[in-house]
Amino acid sequence: MAKPEKHVFVCTQGRPAGHPRSSCADRGCAAVYDEFLWNLQERNLFNRIQVTATGCMGPCSEGPSVLVYPEGVMYSGVTRADVAAIFDEHLEGNHPLERLQVSSEFWG
């Protein structure tokens with residue numbers, strides 16, 4: 001397996017009902033993760049980009065959270081509709097989207 005140019009981590013953390021802290025699962029992360037996998041396949045970028053489901057990355061109240069390396073750019077409140085733009089602008093265009101980046105209060 002070749003080393004990917006970019007690695008995308010999508011938080012898929014869930015919590016039990018009644019837990020005092022929210023989670024990315026409560027905010028639709030499964031659909032976001034599926035959309036990343038769909039775009040990866042449709043664009044045939046398997047040897048350039050890797051997508052991994054991961055646990056909690058911290059800002060649960062802002063989720064779903066997505067982290068892209070090597071830049072270390074974290075996106076928050078990502079919806080399924082945002083995924084194509086992340087591919088177009090950041091993953092393939094090398095220009096992170098400003099509008100979805102988590103505030104420096106959570107990641108900075």
Side-chain angles (χ1 to χ4, degrees):
M1 178 176 179
K3 180 180 174 184
E5 295 171 20
K6 297 189 186 299
H7 197 153
V8 179
F9 295 91
V10 181
C11 179
T12 56
Q13 178 75 47
R15 292 200 167 76
H19 193 282
R21 216 170 148 191
S22 64
S23 71
C24 288
D26 293 339
R27 297 170 176 268
C29 66
V32 171
Y33 179 64
D34 288 345
E35 191 69 19
F36 268 100
L37 295 178
W38 174 257
N39 272 268
L40 183 67
Q41 182 169 333
E42 285 294 305
R43 297 167 190 245
N44 194 24
L45 295 172
F46 293 106
N47 54 354
R48 292 182 48 212
I49 297 168
Q50 185 166 352
V51 177
T52 302
T54 188
C56 187
M57 295 189 285
C60 305
S61 62
E62 306 298 308
S65 299
V66 172
L67 181 59
V68 179
Y69 279 110
E71 297 89 349
V73 172
M74 184 180 284
Y75 296 113
S76 63
V78 177
T79 68
R80 189 176 181 171
D82 296 321
V83 173
I86 293 172
F87 266 90
D88 291 342
E89 296 180 37
H90 187 164
L91 301 177
E92 294 190 275
N94 291 315
H95 299 289
L97 280 79
E98 293 289 330
R99 69 179 174 88
L100 292 173
Q101 289 186 40
V102 70
S103 74
S104 59
E105 172 186 352
F106 296 105
W107 188 255

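Throughout, numbering of the chain's residues begins at 1 and tracks the sequence.
Hydrophobic clustering of Ile, Leu, Val, Met, Phe, Trp and Tyr side chains at less than 4.5 Å, counting indirect connections, keeps Val32 apart from Trp38. Linking Ile, Leu, Val, Met, Phe, Trp and Tyr whenever their side-chain heavy atoms come within less than 4.5 Å leaves Leu67 and Ile86 in two separate clusters. Cluster membership check: Val102 does not share its hydrophobic cluster with Val8, using side-chain heavy-atom separations under 4.5 Å among Ile, Leu, Val, Met, Phe, Trp and Tyr. Under the 4.5 Å side-chain heavy-atom criterion for Ile, Leu, Val, Met, Phe, Trp and Tyr, Leu97 and Val73 are members of the same hydrophobic cluster. In this structure, Leu100 is not a member of the same hydrophobic cluster as Tyr69, with clusters built from ILVMFWY side-chain heavy atoms closer than 4.5 Å.
With sequence neighbours left out, the side-chain contact (heavy atoms from CB on, under 4.5 Å) criterion links Ala84 to Asn39, Arg43. For Asp34, there are no side-chain contact (heavy atoms from CB on, under 4.5 Å) partners, not counting sequence neighbours.
Applying the salt bridge (charged side-chain N to carboxylate O under 4.0 Å, His left out) definition to pairs two or more places apart or across chains, those involving residues 64-78 are Lys6-Glu71. Contacts classified as ring pair (Phe, Tyr, Trp, His ring centres under 6.0 Å) and involving residues 86-108 (residues at least two apart or in different chains) are given here: Phe36-Phe87, Tyr75-His90. Annotation: salt bridge (charged side-chain N to carboxylate O under 4.0 Å, His left out) contacts involving residues 11-23, sequence neighbours excluded, are absent. The list of salt bridge (charged side-chain N to carboxylate O under 4.0 Å, His left out) pairs with a residue in residues 96-105, not counting sequence neighbours, reads Asp82-Arg99.
Summarising the geometry of Cys24 relative to Cys11, their closest heavy-atom pair is SG-SG, 3.5 Å, with the distance given to 0.1 Å. In terms of heavy-atom proximity, Gly14 sits nearest to Ala25 at CA-CB, 3.5 Å. Nearest heavy atom pair, residue Pro96 against residue Gln101, reads CB-NE2, 3.5 Å.
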What side-chain donor-acceptor pairs closer than 3.5 Å can you find for residues 44-62, not counting sequence neighbours?
residue: Arg48; atom: NE; partner: Glu5; partner atom: OE1; Å: 3.3
residue: Arg48; atom: NE; partner: Glu5; partner atom: OE2; Å: 3.3
residue: Thr52; atom: OG1; partner: His7; partner atom: NE2; Å: 2.7

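To the nearest 0.5 Å, atoms CZ (Arg27) and OG (Ser22) are separated by 4.5 Å.
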